[in-house]
Amino acid sequence: MKIFGFSILIFSILLCFIPLAGGYFTWIPAFMALFVGRPGIRYALIGVIVNGVHVMVFSDFMRFNAKLGLQHGQYLPATVYITLALLQVVVGLVLWFRHEPVASNTRKTPKG
């Protein structure tokens with residue numbers, strides 16, 4: 001499962017370098033991150049953070065389409081943009097709450 005989380009991270013980074021359509025495909029690693037097991041959650045969470053930054057900050061094409069669509073009364077581009085941004089936030093929160101740090105010494109010793 002660690003490899004699965006790492007592959008989500010790599011896929012998220014690669015989507016940052018795909019012009020125009022890279023932002024629209026960020027839902028794929030976000031959906032895959034929901035199925036990551038315990039060892040790979042940290043990598044999947046980093047991948048979802050990369051996706052969120054990509055959608056909200058670096059995806060000028062999507063943001064421009066959303067603004068232009070709203071100016072002309074078309075709500076679909078803005079809905080897609082907001083949905084993708086919220087998807088990253090929700091998946092990130094789900095992974096954050098599933099991620100529990102492993103304690104090094106979980107064994108309790110009796111006092112006596």
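This one's a predicted model, so the numbers in the text were calculated from it and none came from an experiment.
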Might you point out which heavy atoms bring [X] and [Y] nearest each other, and give the distance in Å?
X	Y	answer
L15	F25	CD1-O, 3.4 Å
M56	V89	CE-CG2, 4.0 Å
Y24	L84	CA-CD1, 4.0 Å
R98	L34	NH1-O, 2.9 Å
V50	S12	CG1-O, 4.0 Å
G37	I41	O-CG1, 3.2 Å

Going by heavy atoms in the side chains, are V36 and Y43 under 4.5 Å from each other?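 No, too far: nothing below the 4.5 Å cut-off.
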
Do L68 and P77 have side chains that approach each other closer than 4.5 Å (heavy atoms only, starting at C-beta)?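 Heavy-atom side-chain distance check fails, nothing below 4.5 Å.
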
With V48, the side-chain contact (heavy atoms from CB on, under 4.5 Å) member among V91, L93, T26: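 Only match with V48 under side-chain contact (heavy atoms from CB on, under 4.5 Å): V91.
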
How far apart are the C-alpha atoms of I18 and L14, what are their side-chain angles, what is the distance that settles it, and do they pass the side-chain contact (heavy atoms from CB on, under 4.5 Å) test? CA-CA 7 Å; I18 298 175; L14 288 176; 5.6 Å; no

Under the side-chain contact (heavy atoms from CB on, under 4.5 Å) criterion, do F11 and I28 qualify, and how do the steps go? CA-CA 9 Å; F11 189 46; I28 296 171; 3.6 Å; yes

To the nearest 0.5 Å, how far apart are NE2 in H54 and CE in M62?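 Output value for this atom pair is 8.0 Å.
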
From I8 atom CD1 to I3 atom CD1, the distance as rounded to the nearest 0.5 Å: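 Atom-to-atom, I8:CD1 and I3:CD1 are 12.0 Å apart.
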
Can you establish whether the number of heavy atoms outside R42 located under 6.0 Å from its atom CZ is more than 12?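 12 or below, so no.
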
On the 0 to 90° scale, with breaks at 30° and 60°, tag the F35-F31 ring pair as parallel, tilted or perpendicular.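 Ring orientation of F35 relative to F31: perpendicular.
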
Determine, stepwise, if the pair V55 / Y81 fulfils side-chain contact (heavy atoms from CB on, under 4.5 Å). CA-CA 8 Å; V55 168; Y81 178 72; 4.2 Å; yes

Decide whether [X] and [Y] are clustered together by the hydrophobic rule: side chain heavy atoms of Ile, Leu, Val, Met, Phe, Trp, Tyr closer than 4.5 Å, transitively.
X	Y	value
I49	W27	yes
I46	I13	yes
F17	L9	yes

